Amino acid sequence: MSKVQLNNLKKNYSEVEALKQFTLEIQSGELFTLLGPSGCGKTTLLRTIAGFNKQDSGTIMVDGVEIDNFPAYRRDIGMVFQDYAIFPHMSVEDNIAFGLRNRGVSRHGIKNRVSDALETVQLSGLEKRMPKELSGGQQQRVGLARALVIQPKILLMDEPLSNLDAKLRIELREDIRQIQKDLGTTTIYVTHDQEEALVISDRLCIMRSGQMVQVGTPWEIYKKPADHFVASFVGNMIFLPWPLAGMKDQNSEKIREIESLSGLNINASDHDKFQIGIRPEEVVISNQTSVLDGNVISLSGIVENISFSGREAQLHIKLIDGNMLMANISRPDETFLEEVGKTVYLELPQKAIMFFNKDNGLRC
Ligand code: ATP
């Protein structure tokens, strides 16, 4: 178990600033994820930690020791790649044993450790197979075993599930999480799949343009996004002007009440500097025209269309001012599918409403 500290890491590729003064601390035994849109610098950061890239400035420390001048093979780091990167001409056991042979481990030691690694990734019995005789998921398990067998201080995983189909991705991500928890190896995981990041991580860092935007647990990132970017990148969020058009006819007392329950006191003349965000699963479809509850905003709208995905249905609702709101209905009744074109009443619970400053995007 090892602690990783990244201090002011900077990396440019000619005029592209891939990492801008990046500082981060990853705790011993954590499964820590770097999540962000394509091109935000995730792979650059991972490869810099691995020693495949050299940063322009800044330091990387593992357990308090600076590793910047160590070549990749001396960093005690295991890496799993998106495209598996296993040797096609070697059997499963030879692939896994490769790193151990280079480290001068005895034949007996190699045999035992390869057998343990195969058991860990649930491939026992397949040691003599060649990579082409394995499925994509099994090949990635070999990639994982090969990284783990050297008992690295740190495990780096660069989009390890991206080449697999949806069902296998879910199965393997659960196994990766379990194996990581059992072994306790500090792991830095890269993905651009936000659901995968939430499910697998102890903590995650949301990156944008070579910088960190927010670090937190999956709960914090989802429930308390730092700004508009995080709120919209992780999960779905609908942003609407404040106050909501349908509310303006309601008294200004209601508007002030909602603001005050949210810890805000906004001058009416400053309303256009704010917008609100709400997640579709928080919107409640109601059968009442108006709810006399201070903690709820009641609105109405017309259902424009419904998308049904088995587990839930999503209603796309047009509000009075033309803005669209989405509402997720879990375990939908078949009658929901007949709602298109009809007026529905909605409740937005105050607790689920987030206020954002339009100037800097920050959540208030
Ligand atoms: P993706 O999710 O698409 O893999 P990423 O977040 O991993 O993206 P990086 O691959 O780290 O992003 O790239 C960060 C930035 O640096 C991008 O603008 C990319 O185009 C640029 N970049 C990466 N590698 C090089 C390189 N070898 N030469 C020049 N520019 C590069």
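In each ligand, atom 1 is the first atom listed, and ligand 1 is the first ligand listed. Note that the structure is a prediction, hence the values are computed from the model and not measured. Residue numbers run from 1 in the order of the sequence given.
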*With sequence neighbours left out, which residue pairs that include part of residues 78-90 fulfil the side chain to side chain donor-acceptor pair (under 3.5 Å) condition?*
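Only Gln82-Asn163 qualify under side chain to side chain donor-acceptor pair (under 3.5 Å).
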*asked:* Using a strict threshold of under 4.0 Å (side-chain N to carboxylate O), is an ion pair present between Arg113 and Asp116?
replied: no
_Pair Asp94 + Arg101, salt bridge at N-O below 4.0 Å_ =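 The answer is yes: the pair qualifies as a salt bridge.
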*salt bridge (Lys or Arg N to Asp or Glu O under 4.0 Å) with Arg177: which residues, sequence neighbours excluded?*
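Listed in chain order: Asp202.
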Just list the N/O pairs, ligand 1 to protein, that are under 3.5 Å apart, with the distance for each.
from: ligand 1; atom 1: 2 (O); to: Lys42; atom 2: NZ; distance (Å): 2.9
from: ligand 1; atom 1: 3 (O); to: Ser38; atom 2: OG; distance (Å): 2.6
from: ligand 1; atom 1: 6 (O); to: Gly39; atom 2: N; distance (Å): 3.4
from: ligand 1; atom 1: 6 (O); to: Cys40; atom 2: N; distance (Å): 3.1
from: ligand 1; atom 1: 6 (O); to: Gly41; atom 2: N; distance (Å): 3.0
from: ligand 1; atom 1: 6 (O); to: Lys42; atom 2: N; distance (Å): 3.1
from: ligand 1; atom 1: 6 (O); to: Lys42; atom 2: NZ; distance (Å): 2.9
from: ligand 1; atom 1: 7 (O); to: Thr43; atom 2: N; distance (Å): 2.9
from: ligand 1; atom 1: 7 (O); to: Thr43; atom 2: OG1; distance (Å): 2.8
from: ligand 1; atom 1: 8 (O); to: Gly39; atom 2: N; distance (Å): 2.8
from: ligand 1; atom 1: 11 (O); to: Thr44; atom 2: N; distance (Å): 2.9
from: ligand 1; atom 1: 11 (O); to: Thr44; atom 2: OG1; distance (Å): 2.5
from: ligand 1; atom 1: 12 (O); to: Gly41; atom 2: N; distance (Å): 3.3

_Using salt bridge (charged side-chain N to carboxylate O under 4.0 Å, His left out), reason through Arg169 and Glu174 one step at a time and then give a plain yes or no._
CA-CA 9 Å; Arg169 273 209 304 269; Glu174 277 163 13; over 6 Å; no
*Identify, with sequence neighbours excluded, every residue that meets ring pair (Phe, Tyr, Trp, His ring centres under 6.0 Å) alongside Phe81.*
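Ring pair (Phe, Tyr, Trp, His ring centres under 6.0 Å) check on Phe81 returns nothing, list empty.
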